[in-house]
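Notes to accompany the following structure.
Every chain is numbered from 1 and lettered A, B, ... according to where its sequence line falls, protein lines coming before strand lines. Note: hydrogens, waters and symmetry copies are ignored here, and every other heavy atom, side chains too, is used.
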2 protein chains.
Amino acid sequence: MERVAIAAARSPLSDRARPMDQTGTIEKATDVLFFLHRQSAGCGISDIGRALDIPKSSVHRLLAALASRGLVEKDDTGRYRTGMALVALGLGVLEREPIVQVVRPILEQLALSVGETCFLVAARGGRLRVLEKAEGTGFLRAAPQVGAEVPHRVTAAGKLYLALDPEALAPPVDGHSSAAPVRSEEVRDGDRARIRIQERGLAWNRDEWIAGLSVVAGAVYMGDRLVGALALALPSPALAERDAQELEQQVKAAAEEASSRLSGLGRVPGSAWPPAADSR
Amino acid sequence: MERVAIAAARSPLSDRARPMDQTGTIEKATDVLFFLHRQSAGCGISDIGRALDIPKSSVHRLLAALASRGLVEKDDTGRYRTGMALVALGLGVLEREPIVQVVRPILEQLALSVGETCFLVAARGGRLRVLEKAEGTGFLRAAPQVGAEVPHRVTAAGKLYLALDPEALAPPVDGHSSAAPVRSEEVRDGDRARIRIQERGLAWNRDEWIAGLSVVAGAVYMGDRLVGALALALPSPALAERDAQELEQQVKAAAEEASSRLSGLGRVPGSAWPPAADSR
DNA sequence: TACACTGTTCCGTATAATGGAACGTGTGGC
DNA sequence: GCCACACGTTCCATTATACGGAACAGTGTA
């Protein structure tokens with residue numbers, strides 16, 4: 001099954017970890033986890049040690065500790081891979097997101113009716129992340145990875161955020177230099193495009209991030225707060241054969257439906273409330 | 001949205017971690033992760049310290065290390081919760097499972113046609129885990145948690161495994177006392193039931209694990225190896241109003257379809273192959 | 001057979017985690 | 001309005017804990 005895999009290039013966090021390698025047991029252990037995550041097949045201790053520049057014995061100890069809690073597992077050939085406990089933890093994070101619960105059925109319906117991949121992107125800690133997806137049916141289709149990070153300037157969701165809630169992107173640490181110096185005509189063009197996005201609540205990205213991939217995203221609000229971008233992705237040639245305006249309308253309608261459902265529930269939905277203080 | 005939440009009682013690994021608290025940095029860090037996972041809402045440092053009996057300053061350090069890699073996040077109120085990086089890791093584990101890829105569409109179709117929750121259970125490291133689910137449409141419906149563990153003896157999937165591949169359950173560590181002493185008539189009854197399950201490739205569980213919940217599971221094979229149990233769950237009263245034999249037939253057909261698709265592909269499917277040695 | 005390669009165990013070393021105390025903050029109560 | 005309490009955070013001397021080289025045992029290749 002061939003797919004256009006957007007954001008499949010590399011794990012989003014590996015880059016962040018690269019420049020300043022904090023030396024600590026937990027950091028090393030998580031580096032091992034992410035390394036195993038990147039490997040599509042199981043991995044041996046020596047491989048890990050070489051790749052991460054950690055002695056074999058240390059890798060062995062780290063893996064033993066991680067395995068004792070189910071974060072990694074040994075398959076029958078003795079190779080290590082990421083463990084099922086991570087599934088429970090990861091799915092738990094998603095289930096705790098009200099937006100995902102509300103938007104999931106809308107995504108699925110939209111994907112079904114259009115036949116192309118739909119997904120939800122939201123800002124978390126200054127970064128844009130894919131929170132949920134519903135894949136289309138095409139042989140060639142977008143297949144984003146849930147949990148993956150997407151860039152700001154060259155994606156439909158990113159443009160939406162930059163136009164409607166730039167504060168949500170990259171707020172952590174140093175607040176200085178919120179905008180890099182840009183040429184004056186770029187500013188004017190950028191402003192014009194931004195205003196248009198603000199007016200319509202829609203943003204496009206045609207081949208800007210990935211050649212051959214076009215995306216239109218609609219703003220999802222909770223009350224008056226932007227809480228996500230509902231995006232429809234399709235191969236650019238397929239877009240040429242379709243009515244772009246009608247696609248826009250479908251995305252906009254889906255985003256507005258999501259907004260109205262989200263604004264309906266006061267704060268935290270269903271099973272996630274009340275807090276249910278832990279017994280022990 | 002009210003649901004019968006099967007296996008929602010507590011995190012499957014918390015129990016395992018309880019009896020013998022290994023003292024180590026990684027173990028402590030993962031304990032913090034699982035504690036945050038159990039909390040439905042964000043959690044403060046002091047809460048965690050009290051619950052896990054760890055000094056505040058240590059908790060602070062652990063959280064800082066985990067947060068540096070995105071495994072935990074601070075929400076806007078300064079409370080900690082499990083982080084998006086876990087989503088990527090957890091989803092990665094699932095995507096790496098050939099069975100999940102193959103069975104997912106079958107689960108969804110079955111759930112759609114029956115209108116009740118379907119899920120896939122498989123043995124991993126001697127334990128039975130929910131690998132994937134497709135929820136039904138009922139107001140009262142089973143809602144298992146993907147990644148959660150289910151018991152052996154009182155579930156349909158467990159009976160299937162005990163009858164067809166008992167070796168897959170609890171092989172680790174001490175191989176002694178593979179069977180606890182049982183009464184003779186229990187043995188005879190057990191044998192009779194087991195033989196029936198072996199013949200039919202189907203197992204039932206009516207109210208044995210959770211009152212009001214009935215499940216029928218069909219065996220999924222890859223070649224001649226049992227690789228999972230495809231289960232259909234519904235409230236017991238709903239079962240009384242339906243044709244149990246027809247449900248059996250649907251589950252059996254779905255399980256056989258899954259088996260045939262799995263046996264079709266030689267070993268590892270699609271994008272997970274070839275291994276693609278990591279660049280760095 | 002000898003080799004190169006695994007994963008695993010051992011143990012002396014010193015690094016890195018520890019936890020009590022002190023600091024700065026803000027939320028709720030008298 | 002103040003006080004009191006609990007919070008998250010920082011600091012630092014102590015030592016428990018993670019470290020990693022070396023030796024071991026099992027496996028498949030030349």
Side-chain angles (χ1 to χ4, degrees), chain A residues 17 20-33 35-36 39 41-69 71-83 125 171-175 267 275 277-278, chain B residues 17 20-36 39 41-69 71-83 125 171-175 275 277-278:
Chain A
M20 197 49 181
D21 255 16
Q22 296 257 49
T23 163
T25 308
I26 297 175
E27 283 84 352
K28 245 171 277 187
T30 60
D31 287 349
V32 169
L33 277 183
F35 177 77
L36 284 176
Q39 309 300 324
C43 216
I45 285 188
S46 300
D47 297 323
I48 303 172
R50 263 189 302 272
L52 270 53
D53 201 43
I54 301 176
K56 279 194 306 181
S57 56
S58 296
V59 176
H60 182 69
R61 209 167 354 88
L62 293 173
L63 286 172
L66 291 170
S68 80
R69 295 297 198 267
L71 299 193
V72 303
E73 289 168 0
K74 288 171 73 169
D75 66 12
D76 38 21
T77 75
R79 306 177 77 80
Y80 287 88
R81 48 179 55 204
T82 44
V173 280
D174 46 0
R267 197 77 198 93
D278 195 66
Chain B
M20 198 47 183
D21 256 16
Q22 295 257 50
T23 165
T25 309
I26 297 175
E27 282 86 352
K28 246 171 277 188
T30 60
D31 287 349
V32 169
L33 276 183
F34 282 112
F35 177 78
L36 285 176
Q39 309 300 323
C43 215
I45 284 187
S46 300
D47 297 323
I48 303 171
R50 263 189 302 273
L52 272 52
D53 201 44
I54 301 176
K56 278 195 305 181
S57 54
S58 295
V59 176
H60 181 70
R61 208 166 357 87
L62 292 173
L63 286 172
L66 291 171
S68 79
R69 296 297 198 265
L71 299 193
V72 303
E73 290 168 1
K74 288 170 74 169
D75 66 12
D76 38 22
T77 75
R79 306 177 77 81
Y80 287 87
R81 47 179 56 205
T82 43
V173 279
D174 46 0
D278 195 67

Among all residues two or more places apart in sequence or in another chain, which pass the side chain to side chain donor-acceptor pair (under 3.5 Å) test with Thr30(B)? none
Mind checking the OG1-CD spacing from Thr82(A) to Glu73(A)? Nearest 0.5 Å is all I need. 8.0 Å
Minimum heavy-atom separation for Gly42(A) to Arg81(A), with atom names? N-NH2, 3.7 Å
If you restrict it to nitrogen or oxygen atoms, what contacts under 3.5 Å exist between nucleotides 11-18 of chain D and the protein, and what is each distance?
{"unit_1": "dA18(D)", "atom_1": "OP1", "unit_2": "Thr25(B)", "atom_2": "N", "d": "2.5"}
{"unit_1": "dA18(D)", "atom_1": "OP1", "unit_2": "Thr25(B)", "atom_2": "OG1", "d": "2.9"}
{"unit_1": "dA18(D)", "atom_1": "O3'", "unit_2": "Thr25(A)", "atom_2": "OG1", "d": "3.4"}

Separation of atom CD1 in Ile54(A) from atom P in dG20(D), rounded to whole Å: 8 Å
Please report, to 0.1 Å, the donor-acceptor pairs under 3.5 Å made by any side chain of residues 43-58 of chain B, with sequence neighbours excluded.
{"unit_1": "Asp47(B)", "atom_1": "OD1", "unit_2": "Arg50(B)", "atom_2": "NH2", "d": "3.1"}
{"unit_1": "Asp47(B)", "atom_1": "OD2", "unit_2": "Gly44(B)", "atom_2": "N", "d": "3.4"}
{"unit_1": "Ser58(B)", "atom_1": "OG", "unit_2": "Arg61(B)", "atom_2": "NH2", "d": "3.3"}

If you restrict it to nitrogen or oxygen atoms, what contacts under 3.5 Å exist between nucleotides 28-30 of chain D and the protein, and what is each distance?
none

Pairing string, 5' to 3', for DNA chain C - Watson-Crick or wobble contacts under 3.5 Å, brackets [ ] where pairs cross, | to another strand: |..|.||||||||||||||||||||||...
Contact summary for Val32(A) and Leu66(A), nearest pair of heavy atoms: CG1-CD1, 4.4 Å
Roughly how far, to the nearest 0.5 Å, is CD1 of Ile26(B) from CG of Asp31(B)? 12.0 Å
Do you know which two heavy atoms are closest between Ala65(B) and Ser68(B), and how far apart they sit? O-OG, 2.7 Å
For the student: nearest non-hydrogen atoms of Leu36(B) and Tyr80(B), plus distance: CD2-O, 3.6 Å
What are the atom names and distances for every N/O pair under 3.5 Å that joins the protein to nucleotides 4-8 of chain D?
{"unit_1": "dC7(D)", "atom_1": "OP1", "unit_2": "Arg50(B)", "atom_2": "NH2", "d": "3.0"}
{"unit_1": "dC7(D)", "atom_1": "O5'", "unit_2": "Ser46(B)", "atom_2": "OG", "d": "3.3"}
{"unit_1": "dG8(D)", "atom_1": "OP1", "unit_2": "Ile45(B)", "atom_2": "N", "d": "2.8"}
{"unit_1": "dG8(D)", "atom_1": "OP2", "unit_2": "Ile45(B)", "atom_2": "N", "d": "3.4"}
{"unit_1": "dG8(D)", "atom_1": "OP2", "unit_2": "Ser46(B)", "atom_2": "N", "d": "2.9"}
{"unit_1": "dG8(D)", "atom_1": "OP2", "unit_2": "Ser46(B)", "atom_2": "OG", "d": "2.8"}
{"unit_1": "dG8(D)", "atom_1": "N7", "unit_2": "Lys56(B)", "atom_2": "NZ", "d": "3.4"}
{"unit_1": "dG8(D)", "atom_1": "O6", "unit_2": "Lys56(B)", "atom_2": "NZ", "d": "3.3"}

